[in-house]
2 protein chains.
Amino acid sequence: MDTGYREQINQLDRLRKALKSVGMKLTYQRMVVFEEVAKTNQHPDAEAVYEAVRRHIPSVSLDTVYRTLWLLRDLGLIRTLGPQREKARFDANPHRHHHFVCNACGTAFDFDSPQFDELTVSYKLELVGQVQTAHVELRGICRHCLESMPLRQEKEAKEA
Amino acid sequence: MDTGYREQINQLDRLRKALKSVGMKLTYQRMVVFEEVAKTNQHPDAEAVYEAVRRHIPSVSLDTVYRTLWLLRDLGLIRTLGPQREKARFDANPHRHHHFVCNACGTAFDFDSPQFDELTVSYKLELVGQVQTAHVELRGICRHCLESMPLRQEKEAKEA
DNA sequence: ACACTATTTAGGATTTTATACTATTTAGTA
DNA sequence: TACTAAATAGTATAAAATCCTAAATAGTGT
Ligand SMILES: [Mn+2]
Ligand SMILES: [Mn+2]
Ligand SMILES: [Zn+2]
Ligand SMILES: [Zn+2]
């Protein structure tokens with residue numbers, strides 16, 4: 001994954017702009033963390049990013065790496081897969097269904113979607129491996145949380 | 001969620017059959033854990049299941065609850081949402097894409113699907129709340145793991 | 001009904017992942 | 001160059017899940 005010099009500049013510029021837009025500082029740590037995530041397609045975990053960053057900044061702390069990663073996500077510069085401080089949940093509902101998870105309160109709601117059900121089948125053939133499950137997970141803010149939210153925040157959530 | 005007496009019998013019977021089919025014992029702990037997950041649509045986490053089970057078996061251990069939950073999942077009696085001993089992963093790929101996660105090695109592979117992309121849009125209007133992201137996550141066994149797998153296990157994986 | 005034994009459990013220790021705290025350093029500004 | 005709020009390093013702590021081992025028990029055979 002050799003991201004050329006030109007692309008690196010773009011990345012850095014995106015980071016700079018994003019930080020400025022929310023009035024945060026551009027630190028060397030933030031640059032290196034972003035670079036290290038941006039230059040791979042391996043979906044590294046925090047520990048892997050930490051090790052990579054340490055090669056540039058030996059004294060960097062794990063805390064800084066985590067803070068920066070969540071920050072980059074909040075800025076829309078990277079996204080996250082898998083848990084972020086969530087626990088496993090269990091579901092014995094045997095009927096085919098999908099989930100909407102609230103980013104505010106964490107509640108998971110069931111919903112049906114014949115449309116989503118179709119897909120899974122047609123995609124099970126081709127692909128990188130042998131598909132066992134296909135899960136569509138929608139995330140957002142649930143009706144309940146929206147109602148108990150100040151209007152300004154609700155508008156922000158809508159824009160996100 | 002009042003699962004009637006009839007349905008409870010069915011549940012218990014499913015558990016009994018599933019355990020027998022793999023030569024495992026039907027214990028009171030396993031019955032209660034399954035019952036407690038089966039009788040709610042609240043997607044409880046392990047701690048919540050633990051508390052519920054304790055009302056029936058005060059001395060039950062958290063370890064038993066976890067072991068049983070993963071077992072029930074492996075038997076296909078329940079399913080899990082969210083992480084199971086996975087770490088968060090980070091992804092700076094700005095192009096729209098989805099993921100295939102290998103259940104064996106944990107690797108996440110990118111893949112494109114115009115078909116999957118379409119969906120998200122049409123579903124963003126209706127629903128339980130305000131959708132921010134829609135992520136299709138396929139899970140299974142990646143080609144690499146399939147190749148380094150004994151044939152018998154591969155067949156089992158195919159059936160799962 | 002009773003005994004046998006591989007399986008399962010309870011309870012506590014441990015690991016893993018991530019966050020909290022705080023004294024020190026630094027980026028942005030003038 | 002000096003100022004100051006923001007950010008970091010280093011360490012402590014928390015939270016989620018698993019490991020370990022002696023004791024208990026489900027299923028089996030008599
Ligand atoms: Mn569900
Ligand atoms: Mn990706
Ligand atoms: Zn909510
Ligand atoms: Zn794999």
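A note on names: the letters A, B, ... follow the listed sequences, proteins ahead of strands, and every chain is numbered from 1. Atom set for the values below is all heavy atoms of this structure, side chains included, hydrogens, waters and symmetry mates excluded.
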ring-ring contact (aromatic ring centres under 6.0 Å, His included) partners for B:Phe34, two or more places apart: none
May I have all residue pairs that pass salt bridge (Lys or Arg N to Asp or Glu O under 4.0 Å) and include part of residues 43-59 of chain B, sequence neighbours excluded? A:Lys87-B:Asp45, B:Glu51-B:Arg54
Taking only residues two or more places apart in sequence, or in another chain, which ones meet B:Lys20 in a salt bridge (charged side-chain N to carboxylate O under 4.0 Å, His left out)? none
From the list D:dA9, C:dA10, C:dA18, which nucleotide is the closest neighbour of the side chain of A:Ala46? C:dA18
side-chain N/O A:Ser61 vs D:dT8 OP1/OP2, d < 4.0 Å: no
My understanding is that only residues two or more places apart in sequence, or in another chain, count here; which of them pass side-chain contact (heavy atoms from CB on, under 4.5 Å) with B:Ala92? A:Val37, A:Ala38, A:Ile78
Give, ordered by number, those residues of residues 48-59 of chain B having at least one heavy-atom distance below 4.0 Å to an atom of DNA chain C; if nothing qualifies, reply none. B:Ser59
B:Asp110: side-chain contact (heavy atoms from CB on, under 4.5 Å) partners, not counting sequence neighbours: A:His43, B:Asp91, B:Asn93, B:His97, B:His99
Could you give the angle between the helix axes at the two ends of the helix from C:dA1-D:dT30 to C:dA30-D:dT1, with five pairs per end, rounded to 10 degrees? 40°
Set of residues satisfying side-chain contact (heavy atoms from CB on, under 4.5 Å) with respect to B:Arg30, sequence neighbours excluded: B:Leu19, B:Met24, B:Lys25, B:Thr27, B:Thr68, B:Leu71
Grab the N/O contacts between the protein and nucleotides 28-30 of chain D below 3.5 Å, and write none if there aren't any.
none

Do any side-chain nitrogens or oxygens of A:Trp70 fall under 4.0 Å of OP1 or OP2 in C:dA18? no
With nearest nucleotides of DNA chain C determined for A:Asp45 and B:Val60 from heavy-atom distances, which residue corresponds to the more 5′ nucleotide? B:Val60
With sequence neighbours excluded, residues passing side chain to side chain donor-acceptor pair (under 3.5 Å) with A:Glu137: A:Arg139
Quick one, which residues of residues 21-34 of chain B touch DNA chain C with a heavy atom under 4.0 Å? B:Met24, B:Lys25, B:Thr27, B:Gln29, B:Arg30
Would you please name every residue forming a side chain to side chain donor-acceptor pair (under 3.5 Å) with A:Gln29, sequence neighbours left out? none
